[in-house]
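What follows is a single structure, written as structure tokens, with notes after it.
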Amino acid sequence: MVKRTAGLPIVVDMEQGIVGAIRTKTSLDIAGCWRHLREDLQRKMIADGVPQTSRVVIINDLYNLLRSNSQAEYNAKLEQISTQWPPDFRKYFLDSINPKAEHFGMWRIQNKFRNYITEYGVTTNQSEGFNWLLHDLQGWKEAPIDCVMLGFKMLQSYYLNEIRRGKSGLGNYTLRPQYHDMLEDLETSMPNTSCHPNDIVQSIKEKKVILKSPQEQQTPGDNSRVVRAQEIRLKDGISLSSRLGVFTVFDERNFNIVKLFPPSCSCPLKDGCVHILAVKTQNARAPKKVKPGRKKPRHSDDDMPEQTEQCKERVEYHTERAEHHTEQAANQTEQQTEQEDPQTEQTEQQTEQAEQQTEQTEQQTEQTEQQTEQTEQQTEQANESIQKDILYSQEVWVCADGSLIRENLNVSDRRLITDPCGWLNCTIIDACMDLIKSQFTTLNISGLESSCLGIQLDFTRHTDDFIQIINRNPTNGGTHWLTVSNIGCTPGTVNICDSSFSDVPSIELQCIATLVQPPSMELKIHMLDVFPQNNGYDCGLYAIANLVTIASGHDPTKMRYDRRKMRSHLFLCLERKSLTMFPTIGQRKVKNPVKREIVVQLHCYCKLPETHTLYVMCDGCDGYFHPQCLGMTDDQATAMDNVYCHECSIKYK
């Protein structure tokens with residue numbers, strides 16, 4: 001649009017659309033913003049999992065490269081420095097950033113952009129540019145902040161005025177021929193009265209601010225406005241309407257309405273209004289007048305007239321008489337005091353002490369009553385708050401509809417999710433498994449039963465694919481959540497996704513054994529190397545995240561979950577009644593997905609691992625069985641000489 005743009009500098013963030021538009025429509029000289037380049041590389045390194053210390057070193061290497069004095073020096077430094085970078089980041093830099101290096105390098109932008117280069121290169125950030133300009137302006141010496149800010153305002157006014165004058169064909173900027181239909185006639189309404197930028201900058205250097213342009217400084221003063229305002233005041237042409245908060249000013253022709261806060265007038269003249277000046281001078285306070293003449297003397301003044309000798313004698317006589325009467329009165333008082341009975345003094349003292357004790361007792365009684373009332377009020381308030389909390393916690397947050405969630409989620413469950421240290425309960429875990437069961441009906445995934453079934457070991461045994469979240473110690477209220485699945489495993493093998501990688505206790509082995517129907521009396525358990533938790537209360541979040549990952553057909557060992565977003569993601573999923581993949585930060589690279597393998601021997605017809613309950617050995621096959629599984633009690637089994645299982649009893653009878 002604008003002519004004479006060839007060679008003018010412009011700083012952009014090197015987006016393809018912006019660069020293409022500038023090159024097509026203008027002839028501006030383009031430079032890349034160092035700040036945007038640094039942020040792009042930071043995001044790339046974080047996504048690739050580059051450590052913090054390595055990221056700092058790479059950013060310092062980037063500044064060292066961009067400050068090269070020539071293209072050859074840049075290429076030599078790049079060949080030497082890039083060998084120490086991670087391979088993925090080095091490939092990304094050479095493919096994406098290196099072709100654009102000429103727009104960032106100091107060897108190219110030094111001459112064109114010299115006045116725009118800060119400590120960290122060129123930038124599109126307004127705050128950084130403003131700080132640099134402020135520092136550059138104050139480089140000569142310290143300048144008052146009011147001069148600096150007013151100078152910036154005048155610089156802005158000058159360039160805005162130049163742009164508007166350019167639209168009318170004036171000044172240094174004009175429209176291209178194809179945009180002449182946008183011409184405006186602003187020559188009369190927008191004259192070039194702004195101060196030149198060199199004069200403004202020079203005024204800041206000299207700690208002086210030019211308030212008027214040279215043309216305005218040559219115009220005569222506005223004494224006529226003061227005279228007209230004084231004439232209006234002398235003719236009593238100003239009246240106040242207290243109800244409306246405005247002044248009515250009459251100037252021999254018509255009435256005008258004036259407001260002082262903010263200053264405004266109904267007359268067409270906007271600048272230099274006489275009516276506003278008249279109102280301001282009318283309400284100005286006159287200086288307090290001081291009466292002329294000598295002030296009255298005070299008693300402490302040294303220039304008071306001296307007393308006569310007769311006056312002095314009279315004063316001395318009256319003073320002596322007053323002192324004599326005072327001595328007589330004092331002597332009489334002392335005599336009366338000595339004649340009083342000493343017992344009266346003791347009685348008065350005892351009475352005063354008794355009164356003081358009574359007052360102290362009354363004060364203590366009042367304090368005790370006040371403390372009792374405060375305690376009762378605090379107890380009532382605590383009971384009311386507890387009842388309100390109980391009622392509020394029982395309010396329904398997510399309603400059960402039968403098809404998606406079988407049990408309501410209350411406000412107390414929501415608090416557990418939103419609390420950064422909240423430990424998820426079985427209600428939240430069961431709701432998540434209900435949602436997975438309803439979302440993946442076509443995959444024929446078994447399991448996903450209530451986690452409370454683990455208390456009585458009542459899980460359904462599965463021969464096909466299943467997923468289940470169990471608790472490590474369900475009989476004692478639960479201590480740790482983990483995910484169990486046999487998807488992708490051989491028969492008789494299960495995978496455990498445990499975010500704490502702890503040992504497997506016997507009660508947990510029993511829960512896992514009740515989920516599987518192995519073909520033999522041996523069960524293999526694979527502890528997968530999943531993304532670990534970093535605290536002692538987020539096990540439920542990781543169990544649900546691994547549940548969704550397995551159900552979605554992904555490998556849980558490759559997931560690097562974003563810990564900061566896990567709770568908010570679960571909160572939104574439960575409100576929408578739809579579970580999706582938890583947010584991740586890249587992928588993990590695991591050499592061996594199976595961190596540990598455990599082989600468990602099973603016994604009896606129930607195919608459970610050995611526990612601390614009573615077992616009896618079959619005298620025929622030497623197998624171990626529970627008496628209850630053989631149809632007898634513990635007392636009957638211990639009283640019998642020979643015990644046989646069902647198969648051996650048929651063989652030996």
Side-chain angles (χ1 to χ4, degrees), residues 426 446-486 489-498 500-528 594 596-653:
C426 58
S446 302
L448 301 173
E449 298 175 300
S450 175
S451 59
C452 298
L453 296 177
I455 299 175
Q456 301 296 333
L457 302 178
D458 289 336
F459 287 121
T460 304
R461 292 181 180 271
H462 304 282
T463 56
D464 52 351
D465 294 343
F466 75 90
I467 314 174
Q468 182 66 42
I469 296 179
I470 65 172
N471 202 290
R472 174 176 296 165
N473 194 4
T475 57
N476 293 329
T479 57
H480 181 68
W481 296 107
L482 49 90
T483 306
V484 182
S485 175
N486 67 342
C489 299
T490 58
T493 305
V494 294
N495 291 332
I496 295 180
C497 297
D498 186 357
S500 66
F501 302 112
S502 55
D503 293 331
V504 182
S506 60
I507 186 65
E508 182 179 338
L509 292 175
Q510 292 185 29
C511 289
I512 297 172
T514 56
L515 291 167
V516 188
Q517 186 66 35
S520 63
M521 301 302 291
E522 188 178 84
L523 176 63
K524 292 183 179 180
I525 299 176
H526 289 169
M527 301 286 291
L528 299 184
V594 179
R596 180 185 175 189
E597 184 181 53
I598 303 173
V599 179
V600 182
Q601 297 296 329
L602 306 178
H603 305 282
C604 191
Y605 293 110
C606 58
K607 290 187 177 181
L608 293 177
E610 182 179 357
T611 60
H612 297 291
T613 58
L614 178 64
Y615 284 90
V616 293
M617 187 180 70
C618 175
D619 293 331
C621 61
D622 294 338
Y624 290 91
F625 299 88
H626 296 106
Q628 292 78 11
C629 295
L630 296 178
M632 62 183 69
T633 63
D634 293 345
D635 296 335
Q636 292 175 350
T638 55
M640 296 177 63
D641 296 332
N642 296 320
V643 179
Y644 296 95
C645 64
H646 297 320
E647 290 78 10
C648 293
S649 62
I650 299 173
K651 184 185 302 184
Y652 294 100
K653 284 187 178 179

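Side-chain atoms of C621 and C645, non-hydrogen and from C-beta on, do get closer than 4.5 Å to each other.
C629 SG to Y605 OH: the interatomic distance, rounded to the nearest 0.5 Å, is 9.0 Å. Distance CD1/I470 to OG1/T483: 9.0 Å, rounded to 0.5 Å. Atom CD1 of I469 is separated from atom SG of C497 by 10.0 Å, given to the nearest 0.5 angstrom. Note that CG of N471 and OG of S451 are 7.0 Å apart. Values are rounded to the nearest 0.5 Å. Note: N486 CG to D464 CG = 7.5 Å, rounded to the nearest 0.5 Å. We find the CD1-CD1 distance between I598 and I512 to be 8.0 Å, quoted to the nearest 0.5 Å.
In this view, T493 and T490 satisfy the side-chain hydrogen bond (donor to acceptor under 3.5 Å, both in side chains) rule, not counting sequence neighbours. For E522, the side-chain contact (heavy atoms from CB on, under 4.5 Å) test picks out S520, K524, V599, Q601, with sequence neighbours left out. Take T638 and apply the side-chain hydrogen bond (donor to acceptor under 3.5 Å, both in side chains) test, not counting sequence neighbours, and it matches no residue. With sequence neighbours excluded, no residue forms a side-chain hydrogen bond (donor to acceptor under 3.5 Å, both in side chains) with Q636. Remark: D465 engages no residue in a side-chain hydrogen bond (donor to acceptor under 3.5 Å, both in side chains) (not counting sequence neighbours). Applying the side-chain contact (heavy atoms from CB on, under 4.5 Å) test to D498 and every residue at least two apart in sequence or in another chain returns R472, H480, L482, I496, S500, S502, M527.
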**OP:** Step by step, work out the side chain to side chain contact (heavy atoms under 4.5 Å, CB included) result for M632 and M640.
**Re:** CA-CA 11 Å; M632 62 183 69; M640 296 177 63; 4.0 Å; yes

Subject >> Residue pair L515, V494: steps toward the side chain to side chain contact (heavy atoms under 4.5 Å, CB included) verdict >> reply: CA-CA 10 Å; L515 291 167; V494 294; over 6 Å; no

**OP:** Please assess F466 against T460 for the test side chain to side chain contact (heavy atoms under 4.5 Å, CB included), listing each intermediate value before the final yes or no.
**Re:** CA-CA 10 Å; F466 75 90; T460 304; over 6 Å; no

Subject >> E449 and F459: CA distance, side-chain angles, deciding distance, side chain to side chain contact (heavy atoms under 4.5 Å, CB included) verdict >> reply: CA-CA 7 Å; E449 298 175 300; F459 287 121; 3.6 Å; yes

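Listed by first and then second residue, the salt bridge (Lys or Arg N to Asp or Glu O under 4.0 Å) pairs that reach into residues 596-613 are D503-R596, sequence neighbours excluded.
For R461 (side chain) and Q517 (main-chain N/O), no donor-acceptor pair under 3.5 Å exists by modelled atom type. Remark: side-chain polar atoms of S649 are not paired, donor with acceptor, to backbone N or O of Y644 under 3.5 angstrom.
In terms of heavy-atom proximity, G492 sits nearest to L523 at O-CD1, 3.4 Å.
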Side-chain donor-acceptor distances from residues 613-620 under 3.5 Å, at least two apart:
unit_1	atom_1	unit_2	atom_2	d
T613	OG1	T611	OG1	2.9
Y615	OH	P609	O	3.4
Y615	OH	H626	NE2	3.2
D619	OD2	V643	N	3.0

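Aromatic ring orientation, H603 versus Y624: perpendicular (interplanar angle above 60°, classes split at 30° and 60°).
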